[in-house]
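These notes are about the structure you will find just below.
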Amino acid sequence: MTLHSLASRARLNALTGARGPAALLVFAQHAGEAGFLPFVFPSSLAVSFFFVLSGFVLAYVYSDDTPLGFRFYRARFARIWPATILSTLLLLLILPHHFYLPQQLPHWTTGWILLTVIILFQSLIPIPDFYFAFNAVTWSISVEWCFYLVFPILNRGVRSRTIMTFICVAILGVVLTLVSIQLQLPAFNSARLAEPTWHGMVYINPATRLFEFVMGIFVGQLWLNQALRLRIVRIFDAVKQFNLALGETCLESFLLFSLIVILCFFVQIFSSDLSLSAPLQLLVFQWISSIILACIVFVLALGRGFIAKNVMSHPVMMRLGELSFGIYLFHQPILNWCKLQRSNAVTQPGIFVGLPQWAFAIMILTVTIVLSAMSHDWFEKPARRYLRGSS
């Protein structure tokens, strides 16, 4: 399949629109942690959503048996690398060294850490001073890059040996998790950044997150199954006959609401103290949540209700979805800069007194969105064309 295969397929607008809220959830967590919101909203499910969605979209775009070679890797690299490096440069320009350089590793390691960030391999090293160095959120971009490297193999595997592929991916995740338990690796701790953590092995490592990506590939291939999709479409058509468009909207809303309730139910269960060890508990939760998130992606991809057709596909949501990558990458350097200014005795009285926390959060988000739009339109698109070698 050529690199222009996406243009020959119907664009799944609702999935593009869904990227925006997911990126905003990540912003909300980090804004809360920085003290700009009165709450900290956990956003791990948003990251998992991006992993599942990535697998789904790639399976949708590259659905035939044409071997994927260098052009595929160049296209994927061109998609994620320019904005990632630009966000890192922004961070270098506006923040002092102690915000992004290794906190506890020797300074001579800085060059090696920067190299892993540049080639997007920092997530493979389960040491916080590596995987959270510079722009910390880029650890998940590193995971995505590793996913891209193995996508051709996984896509064929899911198509021809689905169960075996899932078994192999699950075994890989379990083995790495058990290794972290056997080695008694500590949890992530901001006071111990120079040693391996089970957080780095289970939450950060691409191998243990692979199940979510494969689940996205699997559901993407299910969605391409015309017979299966036709059956589901007939159900929506049958419901629509009862009450025109309201019928399919009710069915869509019921499915999405049910899936979200189930997801919240499992969040509540796995937030409690289970008999499983913490690393294994996290791994199982990532697996279960990815199944539910994949179902949500499937329902949105159908585009058969008000939420998918009118909310997620609204031009504003579509634009926000297009900018979600930049929002994800640029928000943390800006948040950290504002956090630094708030603690500065010189600038603090003039800038941070008199306005509520949420007002600063809105201001920071606005700046982030504007910067993301400038990056998307004026930098990422030309850089992508250049790296792909197309005019």
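Reckoned from all heavy atoms, side chains included, excluding hydrogens, waters and symmetry mates.
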When you measure from the side chain of [X] to the backbone of [Y], do you find a donor-acceptor pair of N or O atoms at a distance under 3.5 Å?
X	Y	answer
Ser313	Ala308	yes
Glu252	Ile307	yes
Ser372	Ile327	yes
Thr165	Gly157	yes
Ser180	Leu185	no
Asn336	Leu95	no
Thr197	Phe188	no

What's in the same ILVMFWY side-chain cluster as Phe257, cut-off under 4.5 Å, chained through other members?
Val261

Remaining members of Met374's ILVMFWY cluster at a side-chain heavy-atom cut-off under 4.5 Å?
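The other cluster members (ILVMFWY side chains, heavy atoms under 4.5 Å, direct or chained) are Val370, Trp378.
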
Considering only NZ, NE, NH1 and NH2 on the basic side and carboxylate oxygens on the acidic side, decide whether Arg79 and Glu144 come within less than 4.0 Å.
no

Option from Lys309, Glu248, Arg229 for which side chain to side chain contact (heavy atoms under 4.5 Å, CB included) with Leu302 holds
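Single pass found, and it is Arg229.
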
If hydrophobic clusters are built by linking Ile, Leu, Val, Met, Phe, Trp and Tyr wherever their side-chain heavy atoms come under 4.5 Å apart, do [X] and [Y] end up in the same one?
X	Y	value
Ile291	Trp223	yes
Ile119	Phe147	yes
Trp287	Ile163	yes
Tyr60	Met318	no

Quick check: are there more than 12 heavy atoms from other residues, nucleotides or ligands sitting under 6.0 Å from CD1 of Ile153?
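No - once you tally the heavy atoms of other residues, nucleotides and ligands closer than 6.0 Å, there are 12 at most.
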
Ser48-Gln286 side chain donor-acceptor pair, cut-off 3.5 Å:
no

What residues, two or more places apart in sequence or in another chain, satisfy salt bridge (Lys or Arg N to Asp or Glu O under 4.0 Å) together with Glu195?
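Partners of Glu195 by the salt bridge (Lys or Arg N to Asp or Glu O under 4.0 Å) criterion, ordered by chain and then number, come out as Arg192.
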
By salt bridge (Lys or Arg N to Asp or Glu O under 4.0 Å), Glu322 pairs with (sequence neighbours left out) Arg11, Arg319

Go through the steps for Tyr203 and Ser44 under the test side-chain hydrogen bond (donor to acceptor under 3.5 Å, both in side chains), then give the verdict.
CA-CA 9 Å; Tyr203 185 74; Ser44 60; 4.9 Å; no

So which atom in Leu293 and which in Leu45 form the shortest heavy-atom distance, rounded to 0.1 Å?
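Result for this residue pair: CD1-O, 3.7 Å.
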
Heavy-atom pair of closest approach, residues Phe330 and Ser87
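Looking at all heavy atoms of both residues, the shortest contact is CE2-CA, 3.5 Å.
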
Excluding sequence neighbours, so at least two apart, what forms side chain to side chain contact (heavy atoms under 4.5 Å, CB included) with Ile125?
Thr116, Ile127, Phe130

Can you list every ring-ring contact (aromatic ring centres under 6.0 Å, His included) pair that touches residues 148-175, not counting sequence neighbours?
Phe72-Phe151, Phe166-Phe211, Phe166-Phe218

Cation-pi, Phe50 ring and Arg19 (6.0 angstrom, 45 degrees):
no

Parallel under 30°, tilted from 30 to 60°, perpendicular over 60°: which one fits the rings of Phe27 and His331?
perpendicular

